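Bear in mind that the values here come from a model prediction, so they are computed numbers and not experimental data. Chain naming here is simple, since letters A, B, ... match the order of the sequence lines and numbering starts at 1 in each.
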There are 2 protein chains.
Amino acid sequence: MRTPEELTELFRSSGRKITAQRQCIFRVLQGNETHPSAETVHAMVSVEMETISLKTVYQTLHDLAELGEIISLDVGTGMTRFDPNTGDPHHHLVCRKCRSVRDLVAGFPDLQIPEGADLGFEVGSAEIVFRGLCPDCQLSAQGQGADIPVRA
Amino acid sequence: MRTPEELTELFRSSGRKITAQRQCIFRVLQGNETHPSAETVHAMVSVEMETISLKTVYQTLHDLAELGEIISLDVGTGMTRFDPNTGDPHHHLVCRKCRSVRDLVAGFPDLQIPEGADLGFEVGSAEIVFRGLCPDCQLSAQGQGADIPVRA
DNA sequence: CCGGTATCAACAATGATTGTTGAAAAACAA
DNA sequence: TTGTTTTTCAACAATCATTGTTGATACCGG
Ligand SMILES: [Mn+2]
Ligand SMILES: [Mn+2]
Ligand SMILES: [Zn+2]
Ligand SMILES: [Zn+2]
């Protein structure tokens, strides 16, 4: 994702108008590595703008995704997560307990599908989701503690 | 997943009763490689039993998942898919257009996370989702044709 | 300044899934 | 066979993330 300033320019040049809400969302997303959901973005933005609506957040996130400035992620946590890190291709670590999502910056160049194993699919991309326990949840996982079920 | 006969025994020995509905679901799942959703299982079972309720299908699928006989999959198609192939670990090919899901039986033993890249996560499993176009959709993809958006 | 967006609140709707109820049917142990 | 327990069913309502709607107000930008 580009800087809020560049996004401002991009929005304008793509026929969109610049509002305080949108710029606030730009700022919140900038450098954010937590892969927030729309709700989470809304909560963060609400600190600065108490009256911003969740609807507006969804709209702006969709605009950003449409422009390729953020990526919509579905890692099975029940809510779409948004990722401003569009620069380097990467994979994700997902905590089974608290559902936090972190980047895993590693190549894995060996995702070549063996001859004939692709069943005729024309494969365009591959995503790896590593599931486990984040550092925080390892501490609080003394003995018991059920995982949060993955979506429904 | 075991055979319908073995599942019948397993259900009984786990305190569950055997019904015509459940056995019908066992049969439909047996050897099914399409990763059906609950709705799809319901549709298939309905051919034999017109009055079976979707609720019953959900219940039985959950029982089977609880017993480890099938796996619940979330590959971003909006509906949970069920996989009776619990024998060999494998990954999945997902069609961007029709959302069909097929097995990709390949090792990928090189999913070792580089030192320090795991951010302290205690990683238990890794799933790879390959996205692309299935053979059928390659044919009907002459020129245009929008992808079905991934969940929401 | 003016026209077109954007935002807001408030609300309804979606779609997959789960919960509830009460009645009827079936399973199965004795 | 009988009696207890489970399961199923229909018909609903509820959930949760997300999208749509409306009408009024605000404000961006040429
Ligand atoms: Mn990421
Ligand atoms: Mn599979
Ligand atoms: Zn955690
Ligand atoms: Zn397809």
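- An angle of 40°, rounded to 10°, separates the two end axes of the helix from dC1(C)-dG30(D) to dA30(C)-dT1(D), each defined over five pairs.
- Nearest-nucleotide positions on DNA chain C for Lys55(A) and Thr19(A) put Thr19(A) closer to the 5' end.
- A close approach under 4.0 Å does not occur between any side-chain nitrogen or oxygen of Arg12(A) and OP1 or OP2 of dC28(D).
- For dT5(D), the base has a donor-acceptor partner in the side chain of Lys17(B) [N/O atoms by modelled type, under 3.5 angstrom].
- Rounded to whole angstrom, the span from the CD atom of Gln23(A) across to the C1' atom of dA6(C) amounts to 13 Å.
- For the pair Leu61(A) CG and dT18(D) P, the interatomic distance rounds to 10 Å; values are reported in whole Å.
- Between Tyr58(A) atom OH and dT21(D) atom P the separation is 17 Å, expressed in whole Å.
- Positionally, the nearest nucleotide of DNA chain C for Ser53(A) lies more toward the 5' end than for the other of Arg81(B) and Ser53(A).
- One can place CZ of Phe11(B) at 12 Å from P of dC28(C), the figure rounded to the nearest angstrom.
- The shortest distance between side-chain heavy atoms of Leu29(A) and Pro36(A) falls below 4.5 Å.
- Checking the phosphate oxygens (OP1, OP2) of dA16(C), no side-chain nitrogen or oxygen of Ser37(B) falls inside 4.0 Å.
- The side chain of His62(B) places no N or O atom within less than 4.0 Å of a non-bridging phosphate oxygen (OP1 or OP2) of dT17(C).
- Considering only side-chain N and O atoms, Gln21(B) lies nowhere under 4.0 angstrom from the phosphate OP1 or OP2 of dA25(C).
- Atoms NE2 (His42(B)) and C1' (dT8(D)) sit 12 Å apart, rounded to a whole Å.
- Side-chain nitrogen and oxygen atoms of Arg16(B) include none within less than 4.0 Å of the OP1 or OP2 phosphate oxygen of dT7(D).
- Rounding to the nearest 0.5 Å places CD1 of Ile18(B) at 9.0 Å from CD of Glu9(B).
- The CZ-C1' distance, from Arg22(B) to dA25(C), rounds to 14 Å in whole Å.
- The interatomic distance linking Asp63(B) (CG) with dT8(D) (C1') rounds to 13 Å, in whole Å.
- We find that CD1 of Ile52(A) is positioned 17 Å from P of dA26(D), with the value rounded to whole Å.
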Exercise for the section: Decide side chain to side chain donor-acceptor pair (under 3.5 Å) for Gln30(A) and Thr3(A); before the verdict, give the C-alpha distance in whole Å, the side-chain angles of both, and the deciding distance to 0.1 Å. Expected result: CA-CA 7 Å; Gln30(A) 160 148 87; Thr3(A) 67; 5.5 Å; no

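- Side-chain contact between Thr56(A) and Val45(A): absent, with no pair of heavy atoms (C-beta onward) separated by less than 4.5 Å.
- A side-chain donor from one of Asp83(B) and His92(B) sits under 3.5 Å from a side-chain acceptor of the other.
- Distances shown here put a side-chain N or O of Thr56(A) below 4.0 Å from the OP1 or OP2 atom of dC8(C).
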Practice task
Take Thr86(B) and Glu69(B), measure what side chain to side chain donor-acceptor pair (under 3.5 Å) needs, and give me the verdict at the end.
Solution key: CA-CA 7 Å; Thr86(B) 58; Glu69(B) 293 296 322; 5.5 Å; no

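- At dT18(D), none of the side-chain N or O atoms of Gln59(A) fall inside 4.0 Å of OP1 or OP2 (strictly under the cut-off).
- Residues Arg27(B) and Glu48(B) are paired through a salt bridge, judged by an N-O separation under 4.0 Å between the basic side chain and the carboxylate.
- If you check every strand for non-hydrogen atoms under 4.0 Å, Glu39(A) touches nothing.
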Problem - side chain to side chain donor-acceptor pair (under 3.5 Å) between Asp103(B) and His91(B), worked out - result: CA-CA 6 Å; Asp103(B) 283 346; His91(B) 299 289; over 6 Å; no

